[in-house]
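Some notes on the structure that comes next.
Proteins get letters first, then strands, A, B, ... in listed order; numbering begins at 1 in each.
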Amino acid sequence: MYSICISNGESVPPRIDMWALLEKIIGYAKGWTEIRYHNKLVNSITIKKGELEESTSIETKGVGIRVLINGTFGFSSTSSIEEHDLKSCLQLATIAARSASNTKIKKVVGLQSAELAKGEFRPDINDPVTAHSLEEKLSLVQRIEKQVRNVSPLIKSAICTYIESIDEKYILTTDGTRAHIIDSKPEFRVVAVATKNNEMQIGSKSVGVTGGWGDLFREESPEELAEKAAKIAVDLLSAKYPEGERAWVVLDPGLVGLLSHEAIGHTVEAEHVLAGSIVKDKVGQTVASELITMVDSGPSQIKPNAGGIVLVDDEGVPGQKTVIIERGVLKSYLHNRETAYIFGVQPTGNARAWAYRDEPLIRMRNTYVEPGEMELDELISGIKEGYFLKGPMGGQADMNAEFMFGVQEAYRIKNGKIGELLRGVTISGQAFDVLTSCNGISKEFEWALGSGYCGKMQPAKVDAGGPYLRCKVIVGGEQKK
Amino acid sequence: MRKVSLLEICETGLKEVLKLGADEAEVYVFLSKDIEVKIQKNDIHVASTQVANGAGIRVFKNKGLGFAGITDFKNIKDGCKRAVELASVSPKDEYNKLPFPMELKEVPALYDPRAEEFGVEQTLKYGINLLREAKDYDPRITVDRGSFEASIYNRAIMNSNGIKAEKKESIFIYYIMGMAVDGSAVSSFQYEVDGVRFVNEIDIKMCAHEFAKKAVESLGATKGESFRGKVILSPDAVEELIAYPIIYSVNANNVQKGMSKWKAQLDTLVASEELTIEDNGLLPGGLGSSTFDREGIPHSPITIMEAGRLCSYMYNTYTATKDNRNTTGHASGGALQLPWIGVTNLIMKEGKITKDELIKGVNQGVLVTRFSGFPNPMSGEFSGVVKGGWLIKNGELTIPLCETLIQGNIYELLHKVFGVSKEQKKAMNFMLPWVGLEGVSVTAG
């Protein structure tokens with residue numbers, strides 16, 4: 001039987017000097033080593049149809065150790081922060097690397113050097129979430145959930161959720177990283193369920209930021225989110241299906257963000273490029289309309305408090321602005337230190353791990369298209385027959401950049417005017433073809449996916465957004481015969 | 001310091017929360033040993049070996065709910081304090097209560113002692129084989145990523161009503177994903193995943209070849225035709241388009257919260273008579289099987305649907321109390337989650353004709369190997385992209401498809417099943433056949 005050790009009686013372990021402990025452990029390292037202490041506290045409250053569905057506080061705390069020996073990575077983790085357990089964890093990672101090195105075909109030749117982070121890093125936080133009581137947060141969630149159900153008698157059910165994720169990390173590497181990172185990412189979601197004649201439709205609105213309580217509702221109040229979610233659900237009850245066709249559309253910042261992240265961003269993650277993604281060997285080539293400049297950035301750009309802010313990545317590389325596509329030309333892939341070495345470029349600060357148990361992977365942060373010079377009205381008035389599409393409802397894409405996104409609100413455009421609302425709309429296409437078809441970009445800019453998570457073997461908090469964008473896509477819909 | 005068992009940790013937590021003023025409490029603890037080899041960009045990427053653990057403390061105080069999760073057992077008393085604090089400010093819910101002990105029966109074949117012998121070297125062998133089998137199948141295969149993981153999973157539960165249980169299980173999970181690349185042509189992304197309990201059940205070759213076959217076959221895909229008509233869903237597509245909406249709709253919590261299409265639909269026809277679906281958490285060796293559920297209760301095998309007639313919802317203690325009935329033992333989730341309601345081993349019964357006969361009966365249609373999309377489980381509406389699909393003409397698979405979308409409402413289409421195959425595919429905790437649906441909108445880009 002497995003068994004573990006616990007101290008007898010003490011409910012709180014004695015406070016320890018984390019730097020001193022981790023310095024001691026890294027001193028035992030035999031090759032390149034990265035040690036990451038990570039404490040992730042996630043507090044969550046959900047009210048569903050007037051009842052408390054969830055009030056939880058989950059703390060995942062421990063140390064992940066990654067070593068590079070004989071050109072091969074080994075990884076191990078422990079939830080203990082006792083010195084002997086950490087030494088044993090380092091030893092297990094070392095054994096794993098040595099064993100794997102006997103079978104690895106292409107050895108890791110090197111890790112790209114970089115100006116590695118030293119010091120303390122924390123984002124701008126306006127009014128920390130920890131300064132607000134549990135009662136206040138619970139009361140807000142209860143009030144907003146009730147408000148949604150009161151918008152219309154057709155709203156039969158609702159869900160409201162508040163989640164705050166507070167992270168603290170210490171990252172050390174044998175080549176110099178000494179970073180202490182503190183982060184705070186709250187989010188708020190509202191879902192309305194409208195029912196009529198055994199038909200059900202949902203409307204949802206959400207917001208997520210890197211920051212504090214004062215940042216979360218800066219753009220829209222919780223009451224506004226509730227009203228909008230309820231209205232969407234009710235309006236969709238009487239909406240019709242579109243006819244499936246390839247059509248001109250205007251995408252809102254949420255769908256532009258999803259296109260940037262899901263359909264383009266994953267294809268330019270360097271390990272996917274090495275495995276043969278569609279953009280392999282295409283740096284320097286034109287891949288989109290010259291109106292398109294696409295960026296993935298650790299710090300928030302254009303507007304503050306993006307939900308995926310990463311000031312220092314989990315290999316100790318400072319977060320930075322990485323231009324993926326500049327005026328239609330592919331400029332850069334997204335790298336960790338290993339792939340940056342292979343490509344002979346600087347690492348871009350994209351190595352991220354979700355929790356102490358996870359090894360860092362190449363992940364996006366805040367991915368967006370830079371705004372243009374047109375007004376939204378101009379974009380719409382330039383379409384004779386098409387659609388105005390708002391609100392992403394999830395998406396998937398392949399390494400060949402073929403994507404599928406659900407759309408919450410789809411309005412028909414006829415002769416440059418917005419018309420009826422349609423339901424059940426999905427868009428698809430090849431993302432680079434779609435961006436090549438782009439012939440208009442608006443001045444407006446929004447971060448739109450701050451409450452979203454990217455799933456690539458482990459979750460990652462990301463954001464994405466952009467302006468409104470006019471392009472051609474396939475709209476999935478009903479065929480009459 | 002001394003070594004303690006998982007049940008002792010449960011007991012420590014339980015005593016603490018009751019001392020802090022909880023009326024009822026449950027402590028659920030796990031400890032796992034995981035050895036994993038990850039594949040990335042056609043090579044071994046990293047080997048890892050980890051011991052993971054966690055405890056979930058669920059508390060009711062004045063019928064208010066609180067839950068805390070921790071990964072450091074030394075902090076269990078801190079977790080207990082947080083759970084009680086949360087419960088103290090939570091609104092009262094009269095249905096909040098914990099279950100009482102029931103007789104637990106051993107489910108056979110959930111633990112293979114040979115799993116204890118697994119080290120990094122042995123795990124590496126399986127990982128390398130997964131990669132080699134895929135590459136050897138066809139040189140155009142490129143493996144984006146994959147993994148082989150061997151785990152031994154121990155869990156224990158105690159609650160203030162006297163539930164006390166402990167169990168050890170073994171599990172081997174492996175997956176592979178990527179594409180086929182031929183010159184400038186890149187196939188659609190494909191994947192294959194499976195999991196087993198016993199070393200001698202591991203079938204790396206089958207997993208790798210299935211993945212490679214799907215990827216190679218989708219090379220050279222082209223646009224098809226737009227029409228409204230028949231599609232045949234592969235078991236993978238059945239899982240996405242049929243199984244998940246059904247699992248959602250028979251979740252008693254969704255039924256009670258007005259979020260299920262099948263509220264008050266028990267004993268009515270909700271699908272074609274061709275469809276019979278069961279869920280059995282006591283299936284010997286099943287990946288979703290266990291001796292007790294997340295609340296310490298034995299699973300009750302249920303028939304969800306028999307010949308299209310809705311037979312049962314899935315319950316945990318909370319939802320069963322609300323409906324004044326017994327739980328079906330479907331409390332699900334890990335130690336760091338509140339128990340929710342989940343499926344165990346879902347089995348869709350085989351049909352009367354072969355997969356080939358199903359295809360032969362279609363004049364114009366699409367075979368959907370994989371569906372990329374998000375069916376709305378509440379309304380049943382779906383619209384998404386066909387991956388690795390084939391255009392069917394006059395009973396033959398003709399061309400592989402790309403940029404093809406299908407659309408419909410799954411709850412309406414469940415009444416329009418034109419055939420279910422004799423063949424079934426087991427993948428993880430699902431056993432599903434090929435299913436033919438009529439009246440689906442197909443849009444070719």
Find the one option among B:Ser372, B:Gly56, B:Ser379, B:Ser90 whose heavy-atom pairs under 4.5 Å with chain A are most numerous.
B:Ser372
Nearest 0.5 angstrom please: B:Lys77 NZ to B:Asn75 CG, how far?
11.5 Å
Where on A:Glu338 is there a heavy atom nearer than 4.5 Å to chain B: the side chain, the backbone, both, or neither?
side chain
Greater than 12 external heavy atoms within 6.0 Å of A:Lys146's NZ:
no
Part of B:Glu85 within contact of chain A (heavy atom distance under 4.5 Å)
backbone
By a 4.5 Å heavy-atom criterion (distance strictly below it), what part of B:Asp93 contacts chain A: side chain, backbone, both, or neither?
side chain
Counting heavy-atom pairs under 4.5 Å to chain B, which of A:Lys156, A:Met399, A:His272 comes out on top?
A:His272
Toward chain A, the part of B:Ile44 with a non-hydrogen atom under 4.5 Å:
both
Using heavy-atom distances under 4.5 Å, tell me whether A:Leu68 contacts chain B through its side chain, its backbone, both, or neither.
neither
Evaluate the criterion salt bridge (charged side-chain N to carboxylate O under 4.0 Å, His left out) for residue pair B:Lys19 and B:Glu16; output intermediate values, then yes/no.
CA-CA 5 Å; B:Lys19 195 172 88 186; B:Glu16 182 68 14; 3.5 Å; yes
Comparing B:Ile57, B:Asn42, B:Val37, B:Ile128 against chain A, the one with the most heavy-atom pairs below 4.5 Å turns out to be B:Ile128
Honestly, the part of A:Lys472 sitting under 4.5 Å from a heavy atom of chain B is neither
By a 4.5 Å heavy-atom criterion (distance strictly below it), what part of B:Met378 contacts chain A: side chain, backbone, both, or neither?
both
Going by ring pair (Phe, Tyr, Trp, His ring centres under 6.0 Å), name the residues that satisfy it together with B:Tyr153, two or more places apart in sequence or in a different chain.
B:Phe30
Which one wins on heavy-atom pair count under 4.5 Å against chain A: B:Val143, B:Asn376, B:Asn253, B:Ile70?
B:Asn253
Checking heavy atoms, do the side chain of B:Ser88, its backbone, both or neither come under 4.5 Å from chain A?
neither
Donor-acceptor pair, A:Glu51 side chain versus A:Lys48 backbone, under 3.5 Å?
no
Carefully, step by step, assess A:Glu59 and A:Ser57 under the rule side-chain hydrogen bond (donor to acceptor under 3.5 Å, both in side chains).
CA-CA 7 Å; A:Glu59 185 182 58; A:Ser57 175; over 6 Å; no
May I ask you to decide if A:Lys106's main-chain N or O and B:Asp43's side chain share a donor-acceptor pair within less than 3.5 Å?
yes
Against chain B, work out which of A:Leu41, A:Leu92, A:Thr72 has the most heavy-atom pairs shorter than 4.5 Å and name it.
A:Leu92
More than 12 heavy atoms of other residues, nucleotides or ligands under 6.0 Å from NZ of A:Lys456: yes or no?
yes
Could you look at B:Lys387 and say if it's the side chain, the backbone, both or neither that has a heavy atom under 4.5 Å from chain A?
side chain
Looking at A:Ser99, A:Gly476, A:Gly244, which makes the most heavy-atom pairs under 4.5 Å with chain B?
A:Ser99
Kindly check if the number of other-residue, nucleotide or ligand heavy atoms within 6.0 Å of CD (A:Gln91) is above 12?
no
Would you check if the side chain of A:Thr94 reaches a backbone N or O of A:Leu90 as a donor-acceptor pair within less than 3.5 Å?
yes
Between B:Arg140 and B:Ala180, is there a donor-acceptor pair closer than 3.5 Å when you use the side chain of the first and the backbone of the second?
no
Which of A:Ser101, A:Ala100, A:Ser77, A:Cys89 touches chain B most, by non-hydrogen pairs under 4.5 Å:
A:Ser77
With chain A, the option among B:Tyr175, B:Tyr411, B:Tyr95 that has the most non-hydrogen atom pairs under 4.5 Å is B:Tyr175
Checking A:Ile105 against chain B: side chain, backbone, both or neither under 4.5 Å from a heavy atom?
both
Is the NZ atom of B:Lys92 crowded by more than 12 outside heavy atoms at less than 6.0 Å?
no
Under 4.5 Å from any heavy atom of chain A - which part of B:Glu403
both
Counting only non-hydrogen atoms closer than 4.5 Å, does A:Ala158 touch chain B with its backbone (N, CA, C, O), its side chain (CB onward), both, or neither?
backbone
Among all residues two or more places apart in sequence or in another chain, which pass the ring pair (Phe, Tyr, Trp, His ring centres under 6.0 Å) test with A:Phe403?
A:Phe405
Crowding at CD, A:Gln458 (>12 non-hydrogen neighbours, <6.0 Å):
yes
Residue among B:Val440, B:Val181, B:Leu65 with most heavy-atom pairs under 4.5 Å to chain A:
B:Leu65
Tell me, for B:Arg58 versus chain A, whether the close heavy atoms (under 4.5 Å) come from the side chain, the backbone, both or neither.
neither
Of the listed A:Glu53, A:Gln430, A:Glu245, the one with the largest count of heavy-atom pairs under 4.5 Å with chain B is A:Glu53
In terms of heavy-atom pairs under 4.5 Å with chain A, the winner among B:Ser147, B:Gly178, B:Gly258 is B:Gly258
How long is the gap from CH2 on B:Trp340 to OG1 on B:Thr319, to the nearest 0.5 Å?
13.5 Å
Interface moiety of B:Lys261 toward chain A, non-hydrogen atoms closer than 4.5 Å:
both
When only pairs under 4.5 Å are counted, which of A:Lys49, A:Met457, A:Arg357 shares the most heavy-atom pairs with chain B?
A:Arg357
Interface moiety of B:Gln256 toward chain A, non-hydrogen atoms closer than 4.5 Å
backbone
Looking at A:Leu237, is its backbone amide N or carbonyl O close enough to the side chain of A:Arg423 to form a donor-acceptor pair, meaning the two atoms are under 3.5 Å apart?
yes
